[in-house]
Amino acid sequence: MSVDTVSLTGWGRTAPTTALRFRPRSYEEAAATVRGCGPRGSIARGLGRAHGDAAQNAGGSVLDMTALNRIRTIDAGTGTVVCDAGVSLHRLMEVLLPLGWFVPVTPTTRYVTVGGAIGADIHGHNQHVSGSFSRHVQELELLTAGGEIRTVRSGTPLFDATAGGLGLTGVILSATLRCHRVTSSWMSVDTERAVDLDDLLERLCAGDHRYRYSAAWIDLRARGRATGRSVLTRGEHVPRYALPARARRTPLAFRPGPLPAAPARVPEALLGGAPAALLNEVRYRGAPRYRIGELQKLAAFLHPLDGLPQWSRAPGRTGSVRYQFVVGHGQEEALRRIVRRISQRRCPASNALLKRFGTGGPGWLSFPVPGWTLALDLPAALPGLARFLDSLDEEVATAGGRVCLAKDSRLRPELLSAMYPRLADFRSLRAELDPDGTFRSDLSRRLSL
Amino acid sequence: MKDAFGAPQSLLVLGGTSEIALATARRLIALRTRTVRLAGRPSPALESAAAELHALGADVRTVDFDALDSASHETTLGKVFAEGDIDTVLFAFGIAGDQGRDEEEPLAAVRVAQTNYTGAVSAGLVCAGALQAQGHGSLVVLSSVAGERVRRADFIYGSSKAGLDAFTQGLGDALHGTGVHVMVVRPGVVRPEPAAETVWAAETVRAAGTVRAAGAVRAAAGFASAPLEASPLTTTPDAVAEAIVTGLRRRSETVWVPGSLRAVMSALRHVPRPLFRRLPI
Ligand SMILES: Cc1cc2nc3c(=O)[nH]c(=O)nc-3n(C[C@H](O)[C@H](O)[C@H](O)COP(=O)(O)OP(=O)(O)OC[C@H]3O[C@@H](n4cnc5c(N)ncnc54)[C@H](O)[C@@H]3O)c2cc1C
Ligand SMILES: NC(=O)c1ccc[n+]([C@@H]2O[C@H](COP(=O)([O-])OP(=O)(O)OC[C@H]3O[C@@H](n4cnc5c(N)ncnc54)[C@H](OP(=O)(O)O)[C@@H]3O)[C@@H](O)[C@H]2O)c1
């Protein structure tokens, strides 16, 4: 097992802290690490795609789970997969697609681990149909404080605390997943332009039930009557029989390009002001007003960011903040107000997505609840951003909504219990299961989880 | 823990009655700070500073700390860190001394050096060790422009700040990559704020710009009314506090207040000594 001292951040590259990083290759090594961790505790880390400080642990131990990456069994008949927690969704896609199966839920990047997907109870563009990731997990093996390994079945309190529990109940070692049947690796994509926010919400309400995947890119630079104008893309897996002849020869091919290297540093000036507004203009005008049935490769549709140089990853030295919140149905006025405030401020927001959520996740700290979710990236160096986001938090909390903890790096701790009503249950289960606080992260310290 | 904008949740101030430190604490409490430890020599002023910050909503306690008693630093400061993580430590203790008298009384001069430099060396190393052990945190040290190019008029104070400044830079390099951030702050002449002008504009979007502009206007006004008294090198505790908060956000290593000092001092640094001696500064 390799051990080193490293300075770690989340994907947003804010608030670096230093920890001892262990890279266990077996359950025994993982258990030994947890048993031997000092007073500052330990936390599991996958591919570090969480934007904030969820997978770092200042002065303590961090278990890099990516060496535990075996796919143990695949039942090609039922689509049930048993795999280690360090397996990435990318790897699962490579292995499962040729067998006619697809991961039940994928975020907009494939480069997350199964452990991270459960720990953050991630959602995808199919959230309104399929719910969040942990709904498709039958059981998991959890390494708890003291180094004991428990099998945790879906539907039990420990499962519900672990799903979305940000690694704070223990280290997930393996999981049994139910996958989704597909007969090709192609998507049929419908694109529409929405002239403003109301138009978008209407289209999402009217048509979402007809699609498995749906999300809208929203132009947060547009103001006035165009506020909230968006490009809505929705898609379906194409059945093999509907493919054109050429694609039918290798219907399940999955050969996305390699992950482009992230630039060391992108000048903030490139992302802000006029260039950003112009890019948005081009993106909006460049999208078809209405187009149906466009055939797209799966990766191009679901993971467009994985194919791009990662601009948003590194604006300047101070990194970026991803802000994602959800407010319930009936709270459209709050959503409108927030969108208006963001666009009036002319924030250089990038990767802004708006989506309609369906039924929430089982986890006590799972983020999704039925309603509207908006996510955007902002450079952390933006003056006044801290207070601005605080004021958005207030609006979100007042509307009964919540912000996403896996992306958070700045929430005011006082708002947490209003946003997550099951927080008390989570805390008491943790107090019982892990009285000494073996599992801790920078996020758990910051938010007193 | 600090958030993405470098705003700490817990703050330890050494020199708990310092005006600059209190202005900084007020700003940080308005952001995320909930725990404040004010270290200093016990005095009514220290207690009233604690009461004032407590009224703003923070959990405040005072800690006995004497910069001149280096031997005690390990225990007193160690105790503070043992109670919980400290996200930001602010070194604000220091004395200006009295140049005229200090030249006459070597022991008085030594006191300046011991407070500003030796005291900071021992306290600095203790805090650096504790921050390193917790794997994160910022150490903010108030140096002074007086240490950048030492003048005839205050070379005893200036040389102590020069030592402090060099020590802090070295410590910052030693801690580079450990998750601990060290920041040197070099204010010009700090004058108390005229009462009406407490600038809270920092809350607004164009904060940085506004304050800087306001500072420049104020400096210009000061210059016009009292050419020998004030200059663009003058600043206020609140402006220093704002620069510290911005520096924390940007994880800066060096902060000049006002910012224009950076250019002024880089020119002054190269002025030959015969000429420098004759400059009216
Ligand atoms: C470009 C991009 C797009 C994204 N899109 C989406 C999206 O559409 N929807 C969405 O929901 N999220 C999205 N995310 C966020 C990402 O999916 C989650 O943060 C996910 O948790 C990252 O997985 P990871 O393996 O990198 O985990 P890390 O970032 O390393 O860890 C995340 C959390 O999971 C915990 N964890 C990791 N492994 C384990 C384990 N084995 N046992 C217990 N706990 C563990 C960690 O402690 C931490 O709390 C996106 C991120 C990026 C960078
Ligand atoms: N004011 C300026 O123009 C200026 C300019 C540049 C840099 N600075 C530096 O900035 C820092 C703070 O400035 P300020 O104007 O806010 O200072 P201040 O109000 O004069 O406060 C100085 C602080 O240092 C403390 N102190 C002095 N001797 C001490 C000792 N032996 N042990 C413990 N604490 C001691 C004082 O505590 P007591 O209450 O017990 O005396 C007081 O809290 C200082 O380091 C100063 O050198 C100031």
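A, B, ... follow the sequence lines: proteins, then strands. Residue 1 opens every chain. Note: hydrogens, waters and symmetry copies are ignored here, and every other heavy atom, side chains too, is used.
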What part of [X] gets within 4.5 angstrom of chain B, counting heavy atoms only: side chain, backbone, both, or neither?
| X | value |
| --- | --- |
| A:A19 | neither |
| A:R40 | side chain |
| A:L411 | backbone |
| A:N57 | neither |

Pair A:E414 + B:R34, salt bridge at N-O below 4.0 Å
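Yes, this pair counts.
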
Side-chain ion pair, B:D85 and A:R446, N-O less than 4.0 Å:
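Salt bridge: no.
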
Chain A contacts, top residue of B:D3, B:V180, B:L31 (heavy-atom pairs, under 4.5 Å):
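Most heavy-atom pairs within the cutoff with chain A belong to B:D3.
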
Can you tell me how far OG of A:S7 sits from NE2 of B:H136, rounded to the nearest 0.5 angstrom?
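So the gap between those two atoms works out to 12.0 Å.
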
Sub-4.5 Å side-chain heavy-atom contact between A:T14 and B:F5
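Result no, sub-4.5 Å side-chain heavy-atom pair not found.
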
Pairwise side-chain contact, A:L382 with B:R249, heavy-atom cut-off 4.5 Å (strictly under):
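They are not in side-chain contact.
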
Looking at A:A15, A:A386, A:G52, A:G60, which has the largest count of heavy-atom pairs under 4.5 Å with chain B?
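Highest number of heavy-atom pairs under 4.5 Å: A:A386.
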
For B:H181, give me all partners under ring pair (Phe, Tyr, Trp, His ring centres under 6.0 Å), at least two apart in sequence or on another chain.
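Partners of B:H181 by the ring pair (Phe, Tyr, Trp, His ring centres under 6.0 Å) criterion come out as none, since no residue qualifies.
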
Give a yes or no on whether B:Q132 atom CD has more than 12 heavy-atom contacts from other residues, nucleotides or ligands under 6.0 Å away.
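Enclosed.
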
CD (A:E395) with more than 12 external heavy atoms under 6.0 Å
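Yes, the 6.0 Å shell around CD holds more than 12 heavy atoms from other groups.
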
Partner of A:T17 by side-chain contact (heavy atoms from CB on, under 4.5 Å), out of B:K2, B:M1, B:Q134
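When side-chain contact (heavy atoms from CB on, under 4.5 Å) is applied between A:T17 and each of B:K2, B:M1, B:Q134, only B:M1 qualifies.
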
Derivation and outcome, salt bridge (charged side-chain N to carboxylate O under 4.0 Å, His left out), residues A:D390 and B:R32:
CA-CA 11 Å; A:D390 280 354; B:R32 287 288 184 270; 2.6 Å; yes

Could I get the full list of side chain to side chain donor-acceptor pair (under 3.5 Å) partners for B:R186, not counting sequence neighbours?
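For B:R186 the side chain to side chain donor-acceptor pair (under 3.5 Å) partners, ignoring immediate neighbours, are B:D165.
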
So, for A:T18 and B:G177, which heavy atoms are closest and what is the spacing to 0.1 Å?
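The pair with the smallest heavy-atom distance is OG1-O, 4.0 Å.
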
Of the backbone (N, CA, C, O) and the side chain (C-beta and beyond), which part of B:R251 lies under 4.5 Å from a heavy atom of chain A, both, or neither?
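Contact with chain A: backbone and side chain both.
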
